[in-house]
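Working notes for the structure below.
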Amino acid sequence: MGGYLYEAISAVGETIISNKQMLTDLDAAIGDGDHGINMARGFEAVKIKMQALETENDIGKILKMVGMTLISSVGGAAGPLYGTAFLRAAAPSQGKTQLDVETIGLMLEAAITGIKERGKATRGEKTMLDALEPAYEAFMEGAKADKSVLACLEAASEAAQQGVEFTKTIVATKGRASYLGERSRGHQDPGATSSYIMLQTLVEFLRR
Amino acid sequence: MGGYLYEAISAVGETIISNKQMLTDLDAAIGDGDHGINMARGFEAVKIKMQALETENDIGKILKMVGMTLISSVGGAAGPLYGTAFLRAAAPSQGKTQLDVETIGLMLEAAITGIKERGKATRGEKTMLDALEPAYEAFMEGAKADKSVLACLEAASEAAQQGVEFTKTIVATKGRASYLGERSRGHQDPGATSSYIMLQTLVEFLRR
Amino acid sequence: MKKVINVPEQVVEEMLQGMVLAHPQYVKRVEGFEVLVRANKPESSKVALVSGGGSGHEPSHAGFVGRGMLDGAVAGAVFTSPTPDQVYEAVKAVDNGKGVLLIIKNYSGDVMNFEMAIEMANADGITVDKVIVNDDVAVENSTWTIGRRGIAGTVLVHKIAGAKAETGADLAEVKRIADKVINNVRSMGMALDSCTVPAAGKPSFVLDDNEIEIGMGIHGEPGTHREALRPADEITAHLVDKIIADMPLVVGQEVAVLINGLGATPLMELYIVNRKVATLLQEKGVKIAKTYVGNYMTSLEMAGFSISILKLDDELKELLAAPADTPALVQF
Amino acid sequence: MKKVINVPEQVVEEMLQGMVLAHPQYVKRVEGFEVLVRANKPESSKVALVSGGGSGHEPSHAGFVGRGMLDGAVAGAVFTSPTPDQVYEAVKAVDNGKGVLLIIKNYSGDVMNFEMAIEMANADGITVDKVIVNDDVAVENSTWTIGRRGIAGTVLVHKIAGAKAETGADLAEVKRIADKVINNVRSMGMALDSCTVPAAGKPSFVLDDNEIEIGMGIHGEPGTHREALRPADEITAHLVDKIIADMPLVVGQEVAVLINGLGATPLMELYIVNRKVATLLQEKGVKIAKTYVGNYMTSLEMAGFSISILKLDDELKELLAAPADTPALVQF
Ligand SMILES: Nc1ncnc2c1ncn2[C@@H]1O[C@H](COP(=O)(O)OP(=O)(O)O)[C@@H](O)[C@H]1O
Ligand SMILES: Nc1ncnc2c1ncn2[C@@H]1O[C@H](COP(=O)(O)OP(=O)(O)O)[C@@H](O)[C@H]1O
Ligand SMILES: [Mg+2]
Ligand SMILES: [Mg+2]
Ligand SMILES: [Mg+2]
Ligand SMILES: [Mg+2]
């Protein structure tokens, strides 16, 4: 499963890298036009770092490396936020070589708490949290209903997608887009979008 | 005739001002794109200065004023050259209130000599001299044949026009266009053009 | 995209190399990091000042490393906050026992990355404090947002806090002065034309032939609104009004003025703007003690400018007038 | 045309007013003329230096008026040589009995207008001499042309001749030094994009999206040729080659380097260029004693840059390092 996670993260990285332009364009509309560039640079760095971990089985170790690498290569707002998220997700998975619904739920919770502590944002401020929090809730509902990892993640991804849609309807009050005020309405948040496509990639990965 | 000259110069000024864009465009192609702007600024200044001379009859005085005004308002290469030309033309017409073919011939000669002394150019270097020298020669041929002022000036203007055409075929070796070398070939010289349209305006003025 | 670069991925690295090659008397590289520090350690121990942010604002920030201003500057990717490890290296390189003050522009990313660096340095036992510059009045300050952006006024923070640090003042004192500048400086800008981030390859925004952007940020972020191009005096008056509405100036108040070019605006136009700013201030009985006109906090090749006004008291005035010796600002 | 101006006819006047308002400690206006001179007369009598030319090259020339550089600067219309009466006023304003040296860039118009001013001043009994700067190697020097253009190297003439004048040297000596700089400085430039003369209202030339102009002048004059955009290092190597082909540099030669932005090129790119210039020179065993990087002799908002290399001997090196205190160049 370590190798499995390794591949899952590679898939997430490829998705981010191939959506570099789309994420950048979204950011250009309401931010400074670098979200895709930053994230792609981060996952390029992760790719290189991961080579050394190909035989690593401890999921926590892999996630920690991903978090540290994102922190030291993404920069901007997304770097500390996603970096912290992966670092925090590493804790519940520390020493594990397999993931179950319960652990993934804890990982998501820890990641989101990390993002909130670091960024001091809450849901509804037009940030990645508007994708991630609904995703977490949907995941936990699935968990309560004893669904499979895939089913839980499918629900999470769908909720994230709706969260992205929701960001179009609101005004940003955190992040660079908040400087736009009303002008930010009508645009979808780049960070929420990158969160959603990462979750969706996991879903597609598990479906294979 | 003082008033007559006053009107002639007004007409020349209007021609330059209304050809500002054309002369500037010609200069943009092989120079720095300011010939029309400079000349128009000069003749705007002449217009203002001339108001004080409306009752002046001494042609030399009027021409001297025009020369001084051009020198202190045109700048660039054309300012000192045309300014000197008018100043020099003022000498043979000093104290005169009427102009005949002989005087005009002397004025043209003095003007051209002034331009050559100031600019150290000779014919064939793609400058205003390529319009003015042929114009002068044509004028003198007319004078030799005892033609009228108008006829002599018609011949001069036609020769100037041919001179302008000729400048298209040669490479500039004086003035800003000389930095272009071969690239200046094919373009007509802005200074030769302004010289020609001034002469042609005089012709049209006399025909009225 | 037309730029004098080699490859977009290398612009920051090559720029830093070019800076060190140009100004070896002022700056040197912290090997392996996007960090420039003073070529020579200050003669006596002093509070060290570190600033930085995304690249593309040159001469900010490394252009202000030198005596009387910064001790170190961290260069992120273009328009992207540097990462915490880079900031942390700068802090380690410049600390000489009296503590380090970080001068941060108020962007979520910058604040988070610099704060993480502080956590790292504190864990190492280095005393680090921070100030956050938020001078841009284009953005409404409300409890619902993260506050205003930091723009060109930051350079005045570098200048004045740098002069204070040079006096041997302790960290708390230097921070007090830096905060005093921040509390008394307001800025606002406009753009005629966008910049192009090398890695993006196309303009960050597109304006019509007759359209300008008011109150945009220095990273190509959109501003408060777009409007038709107006005469320089009208645009200038509008920006000054916005600044003064936020920070009223009484008769007799002394100020410093910074007319900052964003990269592609000729100095000619900046002076035309300054003419109007000075006239407006003089009409209000405000005294201009010092004026800077030039490219201080740019936005790559953005066309446009910002106006910063700093209210001075005797303390700030004296520190502003103090010597500085850096690649981009020399005063004596 | 998008510019921060009021009306095209007023740009020079308003710019001069804005300069005086910004830098009253450095410059003052000769009333009624487009002439700025030092705000304070030099302490002791010295040879006075006057430069000038068309406007649009800011900070050249008035930005270099001050101690250690120029005494006066004459501003013509945009890109158009000032008229003789303006130059003559500057000469009269700065002369303090030791004579005046005019620093002229080699353009027919500038040379003629400045020469007429010399005739006027000589008639008044003021001793005036001139030097003509012709550093642009883009243009072939031949007896059939009026010689090379003067471009950014002119600033180094201001700096060094200005330092010499400050020593109290007589006119012949100052002229000798100025000519020595002229004989040892070579420059060449390239453009990515044209400038727009305010009165013309449209770009002086138009380049394709991928096209650059090599060896253009600083007034939007076309250059030697156009070519496809290449990486910065290749363009830089080409310009350096042209300079060195004209002025060979031996191993151990000391030089000064000026990487001059034409107005719209970000400092980031200028440093990337400097990186390559410094590397190339170092490879040739040439020693760089001093580097300037920035906008010194601009061409309104033209995008592009020029490289100037000045061969130094001990005399030039010392004078280059001497203090200067002007709006646009401060050294101490
Ligand atoms: N305080 C915050 N909390 C959560 N997410 C945030 C916060 N600030 C910004 N973001 C997210 O980061 C995204 C922008 O990331 P990026 O463009 O990489 O950084 P920057 O804004 O520094 O250029 C936004 O779309 C938003 O989703
Ligand atoms: N040395 C010279 N002798 C005669 N005419 C000249 C000389 N130099 C330039 N000219 C003329 O001046 C014209 C350019 O004038 P203008 O554009 O006003 O000045 P500048 O070249 O200084 O911008 C040229 O087209 C040419 O006809
Ligand atoms: Mg962004
Ligand atoms: Mg011209
Ligand atoms: Mg960013
Ligand atoms: Mg001209």
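Note that the coordinates shown come from a computational prediction; the quantities given were computed from them, not determined experimentally. Letters A, B, ... are given to chains in the order of the sequence lines, protein chains preceding strands, and every chain is numbered from 1.
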Open item on the list: Quick one, C/Asn6 with D/Arg275, criterion side-chain contact (heavy atoms from CB on, under 4.5 Å). Give me CA distance, side-chain angles, the key distance, then yes/no.
Closed with: CA-CA 11 Å; C/Asn6 292 301; D/Arg275 170 182 166 276; 4.2 Å; yes

- [ ] Determine, step by step, whether C/Ile272 and D/Val4 satisfy the side-chain contact (heavy atoms from CB on, under 4.5 Å) criterion, reporting the C-alpha distance in whole Å, the side-chain angles of both residues, the deciding distance to 0.1 Å, and the verdict.
- [x] CA-CA 8 Å; C/Ile272 290 174; D/Val4 187; 5.8 Å; no

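Atom CG in C/Leu300 sits 11.5 Å away from atom OG1 in D/Thr265 (nearest 0.5 Å). The distance from the OG1 atom of D/Thr279 to the CD atom of C/Glu14 is 9.5 Å, given to the nearest 0.5 Å. For the atom pair D/Thr298 OG1 and C/Met268 CE, the distance stands at 8.5 Å (nearest 0.5 Å).
For D/Ile5, the parts lying under 4.5 angstrom from a heavy atom of chain C are both the backbone and the side chain. For C/Gln10, no part sits under 4.5 Å from any heavy atom of chain D, backbone or side chain. Proximity to chain C (any heavy atom under 4.5 Å) is restricted, for D/Ala324, to the backbone atoms N, CA, C and O. Residue contact with chain D, scored on non-hydrogen atoms closer than 4.5 Å, is absent for C/Glu13. Using a 4.5 Å cut-off between heavy atoms, C/Tyr292 makes no contact with chain D at all. If you measure heavy-atom distances from D/Asp233 to chain C, the contacts under 4.5 Å come from both the backbone and the side chain. Contact annotation for D/Lys276: neither backbone nor side-chain heavy atoms come within less than 4.5 Å of a heavy atom of chain C. Contacts between C/Ala62 and chain D at a heavy-atom distance below 4.5 Å are absent for every atom of the residue.
A donor-acceptor contact under 3.5 angstrom links the side chains of C/Tyr271 and D/His23, judged on distance only.
Crowding of D/Glu234 atom CD: a count of heavy atoms from other residues, nucleotides or ligands under 6.0 Å exceeding 12. Other residues, nucleotides and ligands contribute only 12 or fewer heavy atoms inside 6.0 Å of the CD atom of D/Glu318.
Interface summary for chain D: among C/Met1, C/Glu301, C/Gln17, C/Met19, the most heavy-atom pairs under 4.5 angstrom belong to C/Met19. Interface summary for chain C: among D/Ser55, D/Pro327, D/Pro266, the most heavy-atom pairs under 4.5 angstrom belong to D/Pro266. When the candidates C/Thr236, C/Leu192, C/Leu329, C/Val257 are compared by the number of heavy-atom contacts under 4.5 Å with chain D, C/Leu192 comes out ahead. Contacts with chain D were tallied for C/Val12, C/Val78, C/Val277, C/Leu267; C/Leu267 has the most, counting heavy-atom pairs under 4.5 Å. Of the listed residues (C/Ile259, C/Leu229, C/Leu16, C/Val330), the one with the most heavy-atom contacts under 4.5 Å to chain D is C/Val330. Interface check for chain C: of the options D/Val11, D/Val293, D/Leu270, the most heavy-atom pairs under 4.5 Å are formed by D/Val11.
For the side-chain contact (heavy atoms from CB on, under 4.5 Å) test with D/Lys2, the passing option among C/Leu207, C/Asn210, C/Asp208 is C/Leu207; the others fail.
Shortest non-hydrogen contact noted between C/Arg67 and D/Phe332 is NH2-CE1, 3.6 Å. Across every non-hydrogen atom of C/Gly18 and D/Asn274, the tightest pair is O-ND2, 3.0 Å.
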